[in-house]
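Written out below as structure tokens is the structure these notes cover.
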Amino acid sequence: MRLSRFFLPVMRETPAEASIVSHQLMLRAGMIRQEAAGIYAWLPLGFRVLKKIEQIVREEQNRAGAIELLMPTLQSADLWRESGRYDDYGQEMLRIIDRHERDLLYGPTNEEMITEIFRAYCRSYKDLPKNLYHIQWKFRDEIRPRFGIMRGREFLMKDNYSFDLDEAAARASYNRMFAAYLNTFARMGLKSIPMRADTGPIGGDLSHEFIILAETGESQVYCHSDLVDMAAPGPDIDWDGDLQPLVDARTSLYAATDEMHDEAAFNAIPEDKRLSARGIEVGHIFYFGTKYSEPMKAVVTHPDGQERPMHMGSYGVGVSRLLGAIIEASHDEKGCIWPRAVSPFDVGVVNLKTGDAETDAACESAYEQLSNAGLEPLYDDTSERAGAKLATMELIGLPNALVIGPRGLKDGVVELRDRKTGAVENLSLESAVNALIEGRTAAVSETA
Ligand code: 5CA
């Protein structure tokens, strides 16, 4: 992409309305624009990151055996009357009346709708287990939308729903999602910690929140510090096997959010291992048994011929919130530092003197070679000052920048910069381009 043809409205000043760094940087880097309280337009740069995050979530769901579908954003109120949640959900639900005076709502979550779909087609134990997901916009009329997309009113969620014959099978489905979540967040460069959590309006008594530690997090959390650096299980686990030991290894150490905190259990941890911190909830998984299947009569026939309600769980990832969480975890005073896997472009090409024939030719050649190798470069071919171009690249935080100017070219070199470490290498254009192409190969195998 040539910057002269792209839409990247960056701001030099820190916007006064943003109090946390991820919100400030998303506004400054031209990633989002507020259209109403808690409602944002995704500008091209932000949209590219959102799509990358969405794709990682999708790949890890597919790997764990979940099946993608797409449900609508608008739902019928009658569906929610069946489960009894229409009145219970309260003011967070955006209620809409259509021209025929029928009650609709903008979905805050989809337990009812998926139960309605599933019960219509699946009646036998032979149809189970199944796990269905979608990645769809939700609306919750939050009383205090804040921190940009971190607590929005309209936000993108991946939500899935598992259907099983009994509690033991449902537990296996829960464990698969538990492992899939650890892998999903690790691929984005995040250290997530599963914590015992309150189930709120979704219900049930077994649930874990996946928390990213960050000073600006909304939740107060408590855990054993060994959990912070515990590695994700990785993709090569036996997804159909017994994942309970993997889950137990992480849940046997104390970790809880404020609502579930048990001071006595926390104090039983050796003092130097007690971690009390702020955290961002990026995912939440629930097992709620027959809470929806019973009132909504979602039953299956068991091998003994008896009909019984299915055992269900639901699993949510805050796809749009993850952008904020990743920036909170990875930035410096100059701007964002995107992990390669979610970066909006792979590399920036900075032309220090647009209009200088030799510099233009070197940049064009680099841009072409990088594109042909399958990378996505962002080429700053504008007539901005060199200093402003470099500041923009640092603000938008691509992992590498190839900086090309007449002075270097005279000595036969270009600069290859690493955004994270700040390292600058002077290399021939050919070596720099090759290093980027090879680096890309290494990064792909690192995260695949
Ligand atoms: N039905 C269940 C699981 S599918 C559910 O709705 N769970 S939830 O309420 O915990 O939401 C799932 C995830 O969505 C949360 O972990 C959080 O990361 C994200 N989320 C929730 N509310 C917001 C919000 N207002 N803004 C941005 N993300 C949100």
Side-chain angles (χ1 to χ4, degrees), residues 20 22-23 26 32 34 37-40 42 50 53-54 57 61 66 68-69 71 73 75 80 83 85 89-94 106-115 131-163 173-174 177-178 180-181 184-185 188 190 192-204 206-212 214 217-219 221 257 259-260 279-288 291-292 312-326 328:
I20 64 169
S22 56
H23 189 194
M26 288 184 81
I32 52 168
Q34 184 173 321
I39 301 179
Y40 290 84
W42 292 81
L50 188 67
I53 291 176
E54 186 184 313
V57 171
Q61 284 300 308
E68 188 170 12
L69 80 173
M71 292 178 266
T73 53
Q75 305 188 20
W80 286 63
S83 72
R85 274 208 299 184
Y89 216 91
Q91 289 194 299
E92 263 193 27
M93 181 186 278
L94 181 66
Y106 194 121
T109 176
N110 283 61
E111 280 81 3
E112 284 77 359
M113 189 177 280
I114 197 77
T115 305
N131 187 334
L132 299 168
Y133 77 98
H134 73 163
I135 301 176
Q136 177 63 292
W137 294 92
K138 304 288 185 289
F139 194 94
R140 293 182 185 173
D141 204 353
E142 299 275 352
I143 188 162
R144 218 176 298 114
R146 57 185 183 153
F147 302 155
I149 47 79
M150 203 79 99
R151 180 163 295 279
R153 290 200 297 166
E154 189 187 48
F155 59 96
L156 189 59
M157 191 199 286
K158 183 286 298 171
D159 41 322
N160 48 336
Y161 304 89
S162 60
F163 297 89
S173 295
Y174 186 91
M177 286 299 112
F178 190 104
Y181 275 30
T184 302
F185 302 129
M188 299 172 194
L190 295 171
S192 69
I193 308 172
M195 302 201 180
R196 286 304 303 261
D198 186 29
T199 56
I202 307 293
L206 173 62
S207 112
H208 286 92
E209 281 184 12
F210 287 73
I211 298 283
I212 308 298
E218 283 190 295
S219 324
V221 298
T257 61
E259 303 86 27
M260 300 296 278
I280 302 169
E281 176 202 332
V282 288
H284 198 163
I285 62 178
F286 304 81
Y287 164 67
F288 43 69
K291 174 175 171 177
Y292 300 90
M312 293 175 58
S314 74
Y315 316 88
V317 168
V319 175
S320 49
R321 176 178 287 182
L322 273 165
L323 267 91
I326 294 170
E328 291 294 332

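When a ligand or atom number is given, it counts from 1 through the structure's own listing order. For the numbers below, each heavy atom of this structure counts, side chains included, while hydrogens, waters and symmetry mates do not.
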task = Name the orientation class of the two ring planes belonging to H284 and F286 (parallel below 30°, tilted from 30 to 60°, perpendicular beyond 60°).
result = parallel
ask   = Rounded to the nearest 0.5 Å, how far does CH2 of W42 lie from OG of S320?
value = 5.0 Å
message = Can you confirm whether the side chains of Y161 and D159 place a donor and an acceptor under 3.5 Å from each other?
response = yes
query = Do any N or O atoms from the side chain of Q136 and from the backbone of M71 form a donor-acceptor pair under 3.5 angstrom?
reply = yes
message = Please identify which of these residues, E68, H134, Q61, meets the side-chain hydrogen bond (donor to acceptor under 3.5 Å, both in side chains) condition with N160.
response = Q61
message = Give the residues near ligand 1 by chain and number, with the criterion being a heavy-atom distance under 4.0 Å.
response = T109, E111, R140, E142, I149, M150, R151, G152, F155, M157, D159, I202, E281, V282, G283, H284, F286, S314, Y315, G316, G318, R321
task = Identify which one of R153, R151, Q91 satisfies the side-chain hydrogen bond (donor to acceptor under 3.5 Å, both in side chains) criterion when paired with E142.
result = R151
